[in-house]
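Worksheet for the structure shown next.
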Amino acid sequence: MMGRREQVRLSAEGDSRYSIDLNARPQAIYLLTVVTASGDSHTVRLVKQSDVFSRQ
């Protein structure tokens, strides 16, 4: 895998729900790591295929 690290902001969508805008990003596989205020980290793999996203 090749890529770069970027810091992005999540938009609050209600209690414990957030969104990230990847519309301007190319089709690719993204690894999203979220670090909570308590220091816990969670990583999910996002696959962008055209304008449809799937979480794997």
Side-chain angles (χ1 to χ4, degrees):
M1 228 190 277
M2 296 178 60
R4 63 181 182 260
R5 182 178 289 213
E6 293 187 29
Q7 189 172 13
V8 297
R9 296 237 183 237
L10 297 176
S11 300
E13 296 282 325
D15 291 341
S16 301
R17 293 184 59 96
Y18 298 88
S19 67
I20 183 171
D21 184 4
L22 295 177
N23 288 320
R25 306 284 181 180
Q27 294 179 16
I29 297 171
Y30 295 89
L31 297 176
L32 175 66
T33 301
V34 177
V35 180
T36 65
S38 63
D40 295 330
S41 67
H42 306 275
T43 301
V44 294
R45 182 174 178 248
L46 301 174
V47 179
K48 181 177 181 184
Q49 298 173 335
S50 66
D51 290 329
V52 178
F53 298 92
S54 66
R55 179 179 170 194
Q56 297 181 343

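Values below: every heavy atom of this structure, side chains too, minus hydrogens, waters and symmetry copies.
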(request) Quick one: which residue pairs count as a salt bridge (Lys or Arg N to Asp or Glu O under 4.0 Å) with a foot in residues 23-43, not counting sequence neighbours? (result) Glu6-Arg25
(request) Write down the atom of Asn23, the atom of Lys48, and the distance for their closest heavy-atom approach. (result) O-NZ, 3.3 Å
(request) Specify the closest pair of heavy atoms between Glu13 and Ser19, including all atoms of both residues, with the distance to one decimal. (result) OE2-OG, 3.0 Å
(message) Among Val44, Leu46, Ile20, exactly one meets side-chain contact (heavy atoms from CB on, under 4.5 Å) together with Tyr30. Which residue is that?
(response) Leu46
(message) For the CG atom of Leu22 and the CG atom of Leu32, what is their distance to the nearest 0.5 Å?
(response) 8.0 Å
